[in-house]
Student: 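Shown below is the structure under consideration.
FYI, side chains are in, hydrogens and waters are out, and symmetry mates aren't considered; it's all heavy atoms of this structure. All residue numbers refer to positions in the sequence shown, counting from 1.
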Amino acid sequence: MDKSWMHSDRRSKAYEFGVEAFLNFAVENLLTTTHIRCPCVKCVNLKLFGVGIIRDHVYFNGIDQSYKNWTFHGEPWVATTNASRNIEEDDGHSRYSFVSEEIDMDDNDFGDFGSDPYEFANVIGDGDQPVYPGCRKYTKLSALVKLYNLKAKHGMSDVCFTELLILQGDLLPEGNTIPTSMYEAKKTLCALGLSYEKMHACPNDCILYRKEYEDSTNCPTSGISRWKEGKDSILKEGVPAKVVWYFPPIPRFKRMFQSHETAKSLTWHAVRKSIDSQMSHPADSPS
C-alpha cells in the first residue's frame with residue numbers, strides 16, 4: 001500500500017485520501033470501528049478510539065511518520081535482522097538483564113503497549129546499536145534505560161528529561177542515537193512493558209463484572225452497587241467501587257520462550273532425565 005501520503009501536507013487531497021484508505025484498511029482487517037489504536041503523534045498507538053475520533057486526531061495532530069509498518073492495524077509483522085535473532089545469553093546472564101535491574105517504568109506512562117512479544121523483539125534490536133559510533137560500553141537501549149531510571153528515581157518531569165536528552169545528544173559524538181525528546185524515548189521503551197486488563201469487581205469479591213455481568217449495576221449475590229459511593233452518600237455512576245487487575249499469562253509465556261536459554265530452563269522439569277538410584281530436587285519431586 002502506498003504510504004507516501006503520511007509525509008504530505010495535511011491540507012492536501014493526497015493526505016485526505018490516504019487517511020480514508022488507512023481507516024478503511026484498519027476496519028477491514030480488525031473488523032471493528034470502535035476499538036482501533038490511534039496512530040497520531042500524540043497517541044502513538046497507545047490509545048484506542050473509534051474511527052471518527054482517530055480521523056480527527058490524524059488531521060489535527062498529524063500521523064506518526066515513523067509508523068511505517070502498520071502492525072497494529074492489520075499488516076503482518078516484518079522481522080528485522082536484529083529482532084529475528086533469539087535473545088542469547090552471555091556468561092550465564094541475559095545480555096539485556098539490565099532492563100529488569102535498571103528500569104522502573106510507570107504503567108500509566110506506557111499503557112498496554114508491549115502485549116505483542118514481537119514488539120519486544122523489535123525494540124531489543126536497539127540493544128545491539130551502540131549509543132555512538134565506536135562505543136563499546138553502552139548501547140542505545142542500555143543508555144536510555146539508565147537515563148529513564150534516573151528520571152523515575154528522582155521524580156524528574158518530562159520537560160526536564162527532554163532537556164537532559166537534548167544535552168546528552170549535544171555532549172556525545174556526532175551520529176549518536178540518544179533520543180531528542182520524551183516522546184521518542186517512550187516509543188523505544190514502551191515495548192518493554194506487558195499488557196494488563198482492569199475489571200470491575202464487587203467490593204465483597206462476589207463477582208467480576210464481565211461476561212453475563214458486564215452490564216450489571218448491582219451484585220446479584222450481595223446486592224451492593226457496582227459504583228463508588230461519595231462522601232455525600234450519592235453513588236458516582238461510572239466510577240467503580242472496586243477494580244482488579246488481570247495479567248494475561250500467554251503474552252508472558254511467549255516472551256519467556258523467545259530466549260533459547262530461558263526456554264531451556266522453563267522446560268527443564270519435563271525433559272530432564274532422572275538418574276537411577278539418585279534422587280534430585282525438583283526433577284524427582286514425586287519420589
Student: Let me confirm one number: the CD-CG distance from E28 to L23, rounded to the nearest 0.5 Å.
Tutor: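 It comes to 11.0 Å.
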Student: Give the ring-plane orientation class for W5 versus F22, where under 30° counts as parallel, over 60° as perpendicular and anything between as tilted.
Tutor: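 The rings of W5 and F22 sit tilted, inter-plane angle from 30° to 60°.
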Student: Does any donor atom in the side chain of D2 or S4 lie under 3.5 Å from an acceptor atom in the other side chain?
Tutor: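 Result is yes, a qualifying pair exists.
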Student: I'd like to check K242 versus D205 (side-chain heavy atoms, cut-off strictly below 4.5 Å). Are they in contact?
Tutor: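 When only atoms from C-beta onward are counted, D205 and K242 do touch, with a gap below 4.5 Å.
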Student: Are L167 and L165 grouped together when hydrophobic residues (ILVMFWY) are joined by side-chain heavy atoms under 4.5 angstrom apart?
Tutor: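 As far as the 4.5 Å side-chain criterion goes, L165 and L167 are not connected within one cluster.
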Student: Identify whether V243 and F247 are in the same connected component of the hydrophobic contact network (ILVMFWY, side-chain heavy atoms under 4.5 Å).
Tutor: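 Yes.
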Student: For the OH atom of Y132 and the CD1 atom of I178, what is their distance to the nearest 0.5 Å?
Tutor: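 It is 10.5 Å, given to the nearest 0.5 Å.
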Student: Taking side-chain contact (heavy atoms from CB on, under 4.5 Å) as the criterion, tell me which of I63, V58, N61 meets it with V41.
Tutor: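 Checked I63, V58, N61 against V41; only one passes side-chain contact (heavy atoms from CB on, under 4.5 Å): N61.
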Student: Does any non-hydrogen side-chain atom of H7 lie less than 4.5 Å from one of Q65?
Tutor: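 Q65 reaches H7 side chain to side chain.
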Student: Roughly how far, to the nearest 0.5 Å, is the CZ atom of R210 from the NE2 atom of H200?
Tutor: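 Taking NE2 in H200 and CZ in R210, the distance rounds to 13.5 Å.
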Student: May I ask you to check if R37 and F72 form a cation-pi contact, with NZ or CZ under 6.0 angstrom from the six-membered ring centre and within 45° of the axis?
Tutor: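 Here R37 passes the 6.0 Å and 45° test against F72.
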Student: Start with the C-alpha gap between L172 and V131, add the side-chain angles, then the distance that decides, and say whether side-chain contact (heavy atoms from CB on, under 4.5 Å) holds.
Tutor: CA-CA 9 Å; L172 293 175; V131 70; 4.2 Å; yes
Student: Looking only at side chains, do D64 and Y183 share a donor and an acceptor under 3.5 Å apart?
Tutor: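 Short answer, yes.
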Student: Between R10 and E16 (salt bridge meaning N to carboxylate O under 4.0 Å), is one present in this structure?
Tutor: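 No, R10 and E16 are not salt-bridged.
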Student: Atom CG of L48 and atom CD1 of I54: how far apart are they, to the nearest 0.5 Å?
Tutor: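 Atom-to-atom, L48:CG and I54:CD1 are 8.0 Å apart.
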Student: Spell out, as yes or no, whether a donor-acceptor pair under 3.5 Å connects the side chain of S142 to the backbone of Y138.
Tutor: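 Looks like no, no N/O pair under 3.5 Å.
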Student: Between T162 (side chain only) and D158 (backbone N and O only), is there a donor and an acceptor less than 3.5 Å apart?
Tutor: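 It does hold such a pair.
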Student: Only counting residues at least two apart or in another chain, list the ones meeting side chain to side chain contact (heavy atoms under 4.5 Å, CB included) with C206.
Tutor: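 C206 satisfies side chain to side chain contact (heavy atoms under 4.5 Å, CB included) with C202, N204, C219, T221, S222 only.
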Student: Would you kindly say whether Y67 and H73 are connected by a side-chain donor-acceptor distance under 3.5 Å?
Tutor: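 A pair is found: one side chain offers a donor N or O, the other an acceptor, under 3.5 Å apart.
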Student: Do the non-hydrogen side-chain atoms of V159 and E163 ever get within less than 4.5 Å of each other?
Tutor: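 Result yes, sub-4.5 Å side-chain heavy-atom pair found.
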Student: Are any non-hydrogen side-chain atoms of N29 and W70 less than 4.5 angstrom apart?
Tutor: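 No, side chains not in contact.
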Student: Using only atom types and a distance under 3.5 Å, with no angle test, would you say the side chain of S216 pairs donor to acceptor with the backbone of N218?
Tutor: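 Flag not set: sc S216 to bb N218 has no pair under 3.5 Å.
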Student: Would you say M182 and I166 are hydrophobically clustered, going by side-chain heavy atoms of ILVMFWY under 4.5 Å?
Tutor: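 In one cluster with M182: I166, no.
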Student: Quick one: do the T262 and S265 side chains pair a donor with an acceptor below 3.5 Å?
Tutor: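 No, no side-chain donor-acceptor contact under 3.5 Å.
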Student: Kindly compute the distance separating OG (S12) from CZ (F17), expressed to the nearest 0.5 Å.
Tutor: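 The CZ atom of F17 is 9.5 Å from OG of S12, to the nearest 0.5 Å.
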Student: So, do P248 and E197 sit near enough that their side-chain heavy atoms are less than 4.5 Å apart?
Tutor: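 Yes - at least one pair of side-chain heavy atoms lies under 4.5 Å apart.
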Student: Determine whether a donor-acceptor pair (N or O, by modelled atom type, separation under 3.5 Å) exists between the side chain of D9 and the backbone of R11.
Tutor: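 Yes.
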Student: Is the shortest heavy-atom distance from the side chain of M199 to the side chain of Y209 under 4.5 Å?
Tutor: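 Side chain of M199 against side chain of Y209, heavy atoms only: no contact under 4.5 Å found.
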Student: CG/L150 to CE/M156 distance, rounded to the nearest 0.5 angstrom?
Tutor: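 It comes to 6.0 Å.
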Student: Does Q168 form a side-chain contact (heavy atoms from CB on, under 4.5 Å) with L164? I'd like the steps, not just the answer.
Tutor: CA-CA 6 Å; Q168 287 282 352; L164 175 63; 4.2 Å; yes
Student: What I'd like to find out is whether the side chain of K236 reaches to under 4.5 Å of the side chain of W227, using heavy atoms alone.
Tutor: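 Side chain of K236 against side chain of W227, heavy atoms only: no contact under 4.5 Å found.
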Student: Indicate if F49 and V19 have the same hydrophobic cluster label, given that clusters are the connected sets of ILVMFWY residues with side-chain heavy-atom separations under 4.5 angstrom.
Tutor: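 Per the 4.5 Å side-chain linkage, F49 and V19 are co-clustered.
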Student: Just checking E174: does its CD atom have more than 12 heavy atoms from other residues, nucleotides or ligands closer to it than 6.0 angstrom?
Tutor: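 Open.
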Student: Do F60 and C40 touch side chain to side chain, with heavy atoms closer than 4.5 Å?
Tutor: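 Not in contact.
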